Amino acid sequence: RSGRSAALRARMEERLLGARFRYLNQQLYTGSSRDAAQLFRADPAAFHLYHQGFERQVRRWPERPVQRIVRYLRRRPASLVVADFGCGDCTLAASIRNQVHCFDLVPLSPRVTVCDMAKVPLAAESVDVAVFCLALMGTNLQEILGEANRVLKLGGTLMVAEVASRFEDTHAFLKAMTQLGFRTVSKDLSSSYFYLLEFAKTGPARPGPAPGLRLRPCLYKRR
Ligand code: SAH
């Protein structure tokens, strides 16, 4: 009997954690990056819960997107300086020899510089590669990608891995990216889980609205 009630209790707890994760996740995708920063500053426990839920989600996938980015960077010179926007547990930094600036809202690892990705403490044109791996979460996408443009050297690489179902109109998205100063170098849309996009910085972002720059929130289903 006590075994059964313990199992029931564990299942209830799992349910509650799942619900809390989905709620936090929805807040991250439907607010600005500043709202996200405030949310986690006020409640660091929420951040850890979010990450547990995130880990559980990506474990179901055949491949972690960050591993694709690791493989890509291992083929390029280790002298390239990398900025990882929304680095999570710093898997990228731990897997390559390059210097990697790791940015996130709360430090899951001592490597992390805590900040809102819309405003990172790097000088203009100081990095060769900017990475957003499942990290384009805020509604202020233009500002966030503008920050990546600012810190990238001319000709530098922007890598984006995002959940495939978030793209409403990939063509419009890529067109908007040209306005933000990014040329599409390659796009891998073959996975049904996530898209991998590689851009090169062509110049500064042009001001003005970029209406095609839209991603659907990534809302997870209850399981
Ligand atoms: N890139 C990692 C983690 C992806 S989860 C990986 O692929 O494993 C998305 C990460 O973005 C989370 O760690 C979250 O805390 C971070 N994030 C979300 N909004 C952010 C913001 N405004 N500033 C910095 N990091 C943010």
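Each ligand, and each atom within it, is numbered from 1 in the order the structure gives. It should be emphasised that the depicted structure is a prediction, and the values quoted were computed from it without experimental measurement.
Arg214 and Asp169 are not joined by a salt bridge, as no carboxylate oxygen comes within less than 4.0 angstrom of a charged side-chain nitrogen. The existence of a salt bridge linking Arg34 and Glu143 is confirmed by a sub-4.0 Å separation between a basic side-chain nitrogen and an acidic carboxylate oxygen. The pair Arg150-Glu147 counts as a salt bridge, with a side-chain nitrogen and a carboxylate oxygen less than 4.0 angstrom apart.
For ligand 1 and Cys115, the ligand atoms under 4.0 Å from any heavy atom of the residue are 23 (N), 24 (C). For ligand 1, the atoms sitting less than 4.0 Å from at least one non-hydrogen atom of Phe47 are 15 (O), numbered in the order shown with element in parentheses. Counting atoms of ligand 1 from 1 in the listed order, those under 4.0 Å from a heavy atom of Leu105 are 19 (N), 20 (C), 21 (C), 22 (N), 23 (N), 24 (C), 25 (N), 26 (C). Against a heavy-atom cut-off of under 4.0 Å, Met137 is close to the following atoms of ligand 1: 9 (C), 18 (C). Each of the following atoms of ligand 1 lies closer than 4.0 Å to a heavy atom of Gly88: 3 (C), 13 (O). Remark: ligand 1 atoms within the under-4.0 Å shell around heavy atoms of Leu134 are 4 (C), 5 (S), 9 (C). Heavy-atom contacts of Ser33 reach the following atoms of ligand 1: 22 (N) (cutoff under 4.0 Å).
Taking distance alone, with nitrogen or oxygen atoms compared against 3.5 Å, Cys133 approaches ligand 1 more closely than that limit. When only interatomic distances are considered, the shortest N/O to N/O separation between His51 and ligand 1 falls below 3.5 Å. When only interatomic distances are considered, the shortest N/O to N/O separation between Asp116 and ligand 1 falls below 3.5 Å. Residue Arg64 has at least one N or O atom closer than 3.5 Å to an N or O atom of ligand 1. Considering backbone and side-chain N/O atoms, Gly86 comes within less than 3.5 Å of an N/O atom of ligand 1. Any N or O atom pair closer than 3.5 Å counts here, and Met117 shares at least one such pair with ligand 1.
When all heavy atoms are compared, the tightest approach of Leu24 to Ala46 is CD1-O, 3.2 Å.
One N or O on the side chain of Arg166 and one on the backbone of Arg216 form a donor-acceptor pair closer than 3.5 Å. Remark: side-chain polar atoms of Thr184 are not paired, donor with acceptor, to backbone N or O of Ser186 under 3.5 angstrom. Counting only distance, with no hydrogens or angles, the side chain of Asp128 and the backbone of Thr157 share no donor-acceptor pair below 3.5 Å.
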Go through Arg76 and Tyr72 one step at a time and tell me if the side chain to side chain donor-acceptor pair (under 3.5 Å) criterion holds.
CA-CA 7 Å; Arg76 299 196 54 196; Tyr72 166 84; 2.7 Å; yes

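Using a 30° and 60° split on the angle between ring planes, Phe167 and Phe173 fall in the perpendicular class, above 60°.
Annotation: atom 15 (O) of ligand 1 to nearest protein heavy atom, Asp104 OD1, 2.6 Å.
Using a 4.5 Å cut-off between side-chain heavy atoms of Ile, Leu, Val, Met, Phe, Trp and Tyr, with links allowed through other members, Phe182 and Leu189 fall into the same hydrophobic cluster.
By the 4.0 Å heavy-atom criterion, Cys87 is counted among the residues contacting ligand 1.
Distances from atom 5 (S) of ligand 1 to the heavy atoms of Phe103, Phe132, Phe54 show the closest one on Phe54.
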